[in-house]
Amino acid sequence: MPELPEVETVVRDLRESLVGRTFQSVRIGRKRLRRPWSSAWNRQLIGCTVAGVQRRGKWILIDLGGPWLVAHLGMTGQLRVVPTIAPRQDHTHVIGCLDRGLELRFRDPRRFGSISYFADQAGVDAFFTADRLGPEPFALDPAGWRESLKRTRRCLKAVLLDQTVIAGVGNIYADEALFEARLHPTLTANGVTLHQADALRRAVVRVLKRAIARRGSTIRDYLDGNGKAGGYQHEFRVYGRTGQPCSRCKTPVASIRLAGRSTHFCSGCQRA
DNA sequence: ACAGGATCCTGGGGGC
DNA sequence: TGCCCCCAGGATCCTG
């Protein structure tokens, strides 16, 4: 569910609510996550104070001043700081009990997400190698991006979803960026012109920034770090708008399956 | 090597 | 109301 704008929103919220808090104990549910929580980490966490919260791609990094917590929200994950007395929802898998009567809760109905403990920075660095995560969209080197496209015969949609090429883009923002750049999702990456490659890179950045400004998109499950919905779903141009007229040219928005994901585009504005 | 498909899950919505 | 099928914002493993 959550892509870069949603994760960025959660990270900003957690900075407000989590920095300065100290873990006093940890409680764990029975069901295993994508990357199982090790009970050995419970003791390690006790006494750790949160120094900062960062984002890398769709990953949330909680800085404990040496050790780190690294979380991924998968499709339905939520990470929130709530009062201890707040009712505990279903599918709450990890609870970090904090000072001041607060808890950090990781909730995830589908359990495609995860939260893991790393003892030090080196462990985090070893996890985020280039074969797992590529450059941030906002720091993407234009020449490097062009090279990445030149290097593959996959379609543009598949490349945008590849976290090792560009970190943080998911199914919604891939479709929205391709519309913004007026590029057809099936175009072969190594066939686009330099101008088109640049246009796509800039479109990704614009769409992501707009979505962050609206605190992400809520279709069904996504909630920010305060438990509130985002607003960018009201600004979708193609995603989830199959059959509705394109806001630019009135051609009905088309939907196909690409790289295993539903893909939305306007055949009038985005030429194959 | 690379591209595409299957897989891990739960829950909601549509059709019957 | 219930059942069955399909679908969903992601990452990773397997196959051809």
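These figures come from a predicted structure and were not determined experimentally. Convention: sequence-line order gives letters A, B, ...; per-chain numbering from 1.
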Worksheet item: Just how far, in rounded Å, is P of B:dC2 from NZ of A:Lys150?
Response: 17 Å
Practice prompt. Could you walk me through whether A:Thr9 and A:Asp224 pass side-chain hydrogen bond (donor to acceptor under 3.5 Å, both in side chains), step by step?
Written response: CA-CA 6 Å; A:Thr9 301; A:Asp224 66 24; over 6 Å; no
Worksheet item: Taking only side-chain nitrogens and oxygens of A:His72, does any of them come within less than 4.0 Å of OP1 or OP2 of C:dG10?
Response: no
Worksheet item: Around atom CD of A:Glu16, are there more than 12 heavy atoms of other residues, nucleotides or ligands at under 6.0 Å?
Response: no
Discussion item. Below the 4.0 Å mark, does B:dA1 have OP1 or OP2 next to a side-chain nitrogen or oxygen of A:Thr152?
Written reply: no
Practice prompt. Report yes if a side-chain nitrogen or oxygen of A:Arg35 is closer than 4.0 Å to either non-bridging phosphate oxygen (OP1 or OP2) of C:dT12; otherwise report no.
Written response: yes
Worksheet item: Taking CZ from A:Phe236 and C1' from C:dG9, how many angstroms apart are they, rounded to a whole number?
Response: 9 Å
Discussion item. Could you identify the nucleotide paired to B:dC16, looking across every strand shown and requiring Watson-Crick or G-U wobble geometry with both distances under 3.5 Å?
Written reply: C:dG2
Worksheet entry | Protein-nucleotide distance (A:Leu133, atom CG; C:dT12, atom C1'), rounded to Å | 14 Å
Discussion item. Quick check on C:dG9: is either OP1 or OP2 less than 4.0 Å from any side-chain nitrogen or oxygen of A:Tyr239?
Written reply: yes
Discussion item. Is the phosphate of B:dA3 approached by A:Arg154 (side-chain N or O, under 4.0 Å from OP1 or OP2)?
Written reply: yes
Discussion item. For a quick test of reading the model: is some side-chain N or O of A:Arg261 closer than 4.0 Å to OP1 or OP2 of C:dG9?
Written reply: yes
Item to complete: Can you figure out which of B:dC8, C:dG9, B:dG4 approaches the side chain of A:Phe112 most closely?
Response: B:dC8
Practice prompt. For C:dA11, take OP1 and OP2 only and decide whether either is under 4.0 Å from a side-chain N or O of A:Gln163.
Written response: yes
Item to complete: Name the residue closer to the 5' end of DNA chain B, choosing between A:Arg111 and A:Cys155 according to the nucleotide with the nearest heavy atom.
Response: A:Cys155
Worksheet item: Given atom CG of A:Leu161 and atom C1' of C:dG10, what is their separation to the nearest angstrom?
Response: 9 Å
Practice prompt. Go through the N and O atoms of the side chain of A:Arg110 and the base of B:dC9, and report whether any donor-acceptor pair is under 3.5 Å.
Written response: yes
Worksheet entry | Residue A:Met75, side-chain heavy atoms: nucleotide from C:dT12, B:dG4, C:dG10 that is nearest | C:dG10
Worksheet entry | Spacing of A:Asp131 atom CG relative to B:dA1 atom C1', expressed in whole Å | 15 Å
Item to complete: Check whether any side-chain heavy atom of A:Trp145 sits under 4.5 Å from a side-chain heavy atom of A:Val165, and report yes or no.
Response: yes
Discussion item. Need one value for A:Arg257: base, sugar-phosphate or nothing, where a base atom within 4.0 Å counts as base even if backbone is also close, heavy atoms only.
Written reply: sugar-phosphate
Worksheet item: A:His93 NE2 to B:dC9 P: how many Å, rounded?
Response: 12 Å
Practice prompt. Would you indicate, yes or no, if C:dA11 has its OP1 or OP2 atom less than 4.0 angstrom from a side-chain nitrogen or oxygen of A:Lys58?
Written response: yes
Worksheet item: If only side-chain N and O atoms of A:Lys31 are considered, is one of them under 4.0 Å from the OP1 or OP2 phosphate oxygen of B:dC9?
Response: no
Item to complete: Looking at every strand, decide which applies to A:Arg220 at a 4.0 Å heavy-atom threshold: base, sugar-phosphate, or nothing.
Response: base
Worksheet item: Of A:Phe127, A:Phe128, A:Trp68, which is the lone residue that meets ring-ring contact (aromatic ring centres under 6.0 Å, His included) with A:Phe118?
Response: A:Phe127
Item to complete: Starting from C1' on B:dT10, measure out to CZ on A:Arg32 and report it in whole angstrom.
Response: 17 Å
Practice prompt. Ignoring hydrogens and angles, answer whether the base of C:dA11 and the side-chain atoms of A:Arg132 contain a donor-acceptor pair closer than 3.5 Å.
Written response: no
Practice prompt. State whether A:Ser262 places a side-chain N or O below 4.0 Å from either non-bridging phosphate oxygen (OP1 or OP2) of C:dC7.
Written response: no
Practice prompt. Output the distance between atom CD (A:Glu8) and atom NZ (A:Lys58), rounded to the nearest 0.5 Å.
Written response: 14.5 Å
Worksheet item: Can a salt bridge be assigned to the pair A:Glu235 and A:Arg214 using a cut-off of 4.0 Å between side-chain N and carboxylate O?
Response: yes
Worksheet entry | Salt-bridge contact A:Asp175-A:Arg261 (side-chain N to carboxylate O under 4.0 Å) | no
Fill in: Nucleotide opposite C:dG9 in a Watson-Crick or G-U pair, distances under 3.5 Å
none
Item to complete: Please check the phosphate of B:dG11 (OP1 and OP2 only) for any side-chain N or O of A:His91 closer than 4.0 Å.
Response: yes
